[in-house]
Amino acid sequence: MDISVLQKTRYEYKPKLPAGIAGDINAIKIEIGKPTESISDHKALKEVFKHTYGKPLAVFSKGNGSHSGEYKVGVILSGGQAPGGHNVIAGLYDGLKKGNPGSKLYGFLGGPSGLIDNKTVLFTGEIIDAYRNTGGFDIIGSGRTKIETPEQFEASLETTKKLGLDAVVIIGGDDSNTNAALLAEYFMEKGSKVQVIGCPKTIDGDLKNEHIETSFGFDTACKTYSELIGNIARDANSAKKYWHFIKLMGRAASHIALECALQTQPNVCLISEEVEKKQMSLSQIVESICVSICKRAENKDNFGVILIPEGLVEFIPEIKKLIQEINDVVAKHTEEFSNLSSYIDQQYWLSRVISHESYNVLLTLPPEFARGLLADRDPHGNVQVSLIETEKLLMQLVEKRLNKLKDEGVYKGKFSSLGHFFGYEGRCAFPSNFDADYCYSLGFNAFLLIASGLTGYLSSIKNLTAPASEWIAGGVPLTMMMNMEQRHGLKKPVIKKALVDLEGRPFKTFDLKRDIWAVKTCFLYPGSIQYFGPPEVCDIPSKTIALEHNKVI
Ligand code: FBP
């Protein structure tokens, strides 16, 4: 098979492990803390998680322990791709084999459906070696199937019995790890000893808390997008004729947009969480962009860069309300809605079942944009915001507003815009050294959690702004991160998404500088991820995590 030079060279890279879990596998001890509580809704969650609620935190360090049992484990890659997934599997495989060469690792094909349908591959050293330190999830594929019906839970249990599994590791985001928690509970309820361990994956960066400092993939994806944004910014500054509207992935939270803004210093970066807090309408957002364009035009700078978080639409009050109403009525009348073949039919149907106010909002939106709001939800009930062309909507609305301002004599510049969407470009990039090390550690640590007999835990590696040898490995009970939320019209247990904290240092740092960036040309050009070279160039974590840990950036 042909492989690129970088791929071949990356095979040789040896990911770093925290000192506490490196070296002799039987010289690692586990420390167990006190029982924990969920974020809120304690009573309701205790009811759902009768066997797994409130487990203690676990931390590994050097000491006496025994991790040399023989295990059979199955691993799932779930949801959107994120750089480093292959290394989680490599770390898990190496941990299992280091503990006992007789241990076996199965990969479930195509995401959670592989567990339901018992579609597997048995990993060999040769397979693992061909994917070390590479991007993508292609080693076994991923999928968004949600294990939710009694039949699916039962089929999952059957698969574990057929394969004789001791544990299942689910590598996923908040929704997939919510599923992991439910699976752990179900197995215990049914008297099965199969353990379930999660690993925090998502480029969106919204699966984080005190114990999960970042989800893997965020670092690499943001560095990849920032390289592209920097290149575009430099092009804009060279030709001086285009305003670039760049939408960035991140289904709900704006962590990616904020991190890219800190790395590249664009003229405008919208932050969905701020839009919601200030209850900014669509026209106020357009106005805020026009302010920068008009001021720059006064300096003859008829060019610039605007970053738009993918999830923005769901945070604009009037559109949020519209989406919620659509979600509720579609959940109630799923079949009726799915029989409507055209957008016109859907629109007519909605005119009868949603509020007048929301229907009027729908009518004001360009049809190509409105269609995106009505497209199929993903299996977890989420609007597929990556399919909604928010950047084009804003380009149209800004142009319209500028024409008006021109007529009023307020704006005298020239406006030409180009739209971009960076999402899929970053999800399978070769993991940065940070993500390669972090993911390998998460996988290796997942093995230790299994060998320690734990279930319903998320693999946790902390102290991530220190050198990897000083990282701290352990486990966080999944129920500790949960609350009850409205989904498909019903209250469901879910892992709480971490949105951008408007009081946090990453946002405050951005807020302090953005008025200058809005008018002056202050672009930064971060360049591409460096894989080989001095640690201060190759191993630097994201600006978000550095700021959250009070480091100077
Ligand atoms: P996860 O939450 O599963 O990690 O996926 C995140 C994401 O990359 C979002 O940023 C994006 O909106 C979505 O996946 C796109 O989904 P798909 O790959 O199904 O088009």
Side-chain angles (χ1 to χ4, degrees), residues 76-86 88 110-113 135-138 140-147 170-180 198-208 212 214-226 228 246-260 271-273 307-315 323 372-373 375-391 420-429 431 435 438-439 442 458 481 485 487 494-500 542 544:
I76 299 171
L77 288 165
S78 181
Q81 285 68 253
H86 290 158
V88 181
S113 63
F137 278 8
D138 44 325
I140 45 174
S142 185
R144 289 198 183 275
T145 302
K146 184 179 178 189
I147 302 171
I170 299 183
I171 303 171
D174 52 342
D175 286 334
S176 309
N177 277 298
T178 297
N179 231 209
C199 285
K201 169 237 73 166
T202 177
I203 60 162
D204 293 2
D206 55 9
L207 175 50
K208 66 172 170 182
I212 305 298
T214 187
S215 54
F216 78 76
F218 175 76
D219 185 77
T220 310
C222 290
K223 284 174 179 160
T224 306
Y225 303 143
S226 296
L228 298 174
I246 305 175
K247 183 176 87 162
L248 291 162
M249 256 192 185
R251 197 178 53 217
S254 307
H255 298 295
I256 294 180
L258 180 56
E259 170 68 21
C260 292
I271 300 294
S272 307
E273 290 81 347
L307 303 187
I308 303 152
E310 178 187 67
L312 179 71
V313 289
E314 289 197 276
F315 289 78
I323 291 175
L373 298 183
D376 289 345
R377 275 34 184 168
D378 78 7
H380 295 269
N382 303 307
V383 177
Q384 301 198 51
V385 279
S386 58
L387 305 181
I388 300 176
E389 298 186 316
T390 317
E391 72 286 12
H420 312 263
F421 169 37
F422 296 151
Y424 300 97
E425 291 81 350
R427 298 200 309 180
C428 286
D435 270 329
Y438 180 42
C439 289
L442 283 171
L458 195 62
M481 297 178 274
E485 287 176 22
R487 295 283 167 101
V494 289
I495 292 179
K496 194 171 165 57
K497 259 191 207 308
L499 300 179
V500 168
S542 66
T544 302

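Read the numbers this way: they start at 1 and go in the same order the structure lists the ligands and their atoms.
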Participant: Which ligand 1 atoms are under 4.0 Å away from a heavy-atom of Ile203?
Facilitator: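 Within the 4.0 Å cut-off of Ile203, ligand 1 contributes 8 (O).
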
Participant: Using the side chain to side chain donor-acceptor pair (under 3.5 Å) rule, pick out the option among Glu273, Glu259, Glu310 that qualifies with Ser254.
Facilitator: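 Result for side chain to side chain donor-acceptor pair (under 3.5 Å) with Ser254: Glu273.
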
Participant: Select the closest option to atom 19 (O) of ligand 1 among Gln81, Arg251, Met249, Arg144, judged by heavy-atom distance.
Facilitator: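 That would be Arg144.
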
Participant: Taking the side chain as every heavy atom from C-beta outward, state whether Glu485 and Lys496 have any pair of such atoms under 4.5 Å apart.
Facilitator: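 Yes - at least one pair of side-chain heavy atoms lies under 4.5 Å apart.
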
Participant: Can you tell me which residue and heavy atom of the protein come closest to atom 12 (O) of ligand 1, and the distance to 0.1 Å?
Facilitator: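 Among all protein heavy atoms, the one nearest atom 12 (O) of ligand 1 is Glu310 OE1, 2.7 Å.
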
Participant: Taking Ser78's backbone N and O only, do any of them form a donor-acceptor pair with Lys201's side chain (distance below 3.5 Å, no angle check)?
Facilitator: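 Confirmed, Lys201 side chain pairs with Ser78 backbone.
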
Participant: Can you name the atoms of ligand 1, numbered from 1 with element, that are less than 4.0 Å from a heavy atom of Gly250?
Facilitator: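 Answer, ordered by atom number: 10 (O).
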
Participant: Any donor-acceptor pair under 3.5 Å linking the side chain of His86 with the backbone of Asp138?
Facilitator: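 Judged by distance alone, yes, a pair lies under 3.5 Å.
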
Participant: Near Lys201, which atoms of ligand 1 are under 4.0 Å from a heavy atom of that residue?
Facilitator: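 Atoms satisfying the 4.0 Å criterion: 1 (P), 3 (O), 4 (O).
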
Participant: Is Asp204 reaching over with its side chain to a backbone N or O of Arg251, donor-acceptor style, under 3.5 angstrom?
Facilitator: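 Yes; at least one donor-acceptor contact below 3.5 Å.
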
Participant: Number the atoms of ligand 1 from 1 as they appear, then name those within less than 4.0 Å of a heavy atom of Tyr424, with their elements.
Facilitator: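 Answer, ordered by atom number: 15 (C), 17 (P), 18 (O), 20 (O).
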
Participant: Is the side chain of Ser215 donor-acceptor paired with the backbone N or O of Thr202 at a distance under 3.5 Å, no angle test?
Facilitator: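 Checking the backbone N and O of Thr202 against the side chain of Ser215, a donor-acceptor pair under 3.5 Å is found.
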
Participant: Tell me, do Ser542 and Cys222 make a side-chain contact under 4.5 Å, heavy atoms counted?
Facilitator: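 Side-chain contact under 4.5 Å: no.
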
Participant: Is there a nitrogen or oxygen of Gly80 sitting under 3.5 Å from a nitrogen or oxygen of ligand 1?
Facilitator: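 Yes, Gly80 has an N/O under 3.5 Å of an N/O on ligand 1.
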
Participant: To the nearest 0.1 Å, how far is atom 10 (O) of ligand 1 from its closest protein heavy atom, and which atom is that?
Facilitator: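 Heavy-atom neighbour on the protein nearest atom 10 (O) of ligand 1: Asp204 OD1, 2.7 Å.
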
Participant: Can you tell me which portion of Thr202 lies within the under-4.0 Å heavy-atom range of ligand 1? Options are side chain, backbone, both, or neither.
Facilitator: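 Both of them.
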
Participant: Report, in ascending order of atom number, the atoms of ligand 1 lying under 4.0 Å from any heavy atom of Gly79.
Facilitator: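 Under 4.0 Å from Gly79, ligand 1 has these atoms: 3 (O).
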
Participant: Checking a contact table here: which protein heavy atom is nearest atom 7 (C) of ligand 1, and how many Å away?
Facilitator: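 Protein heavy atom with the smallest distance to atom 7 (C) of ligand 1: Arg427 NH1, 3.6 Å.
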
Participant: Hey, does Phe216 have a side-chain heavy atom less than 4.5 Å from the side chain of Ile171?
Facilitator: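 Counting from C-beta outward, Ile171 and Phe216 do come under 4.5 Å.
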
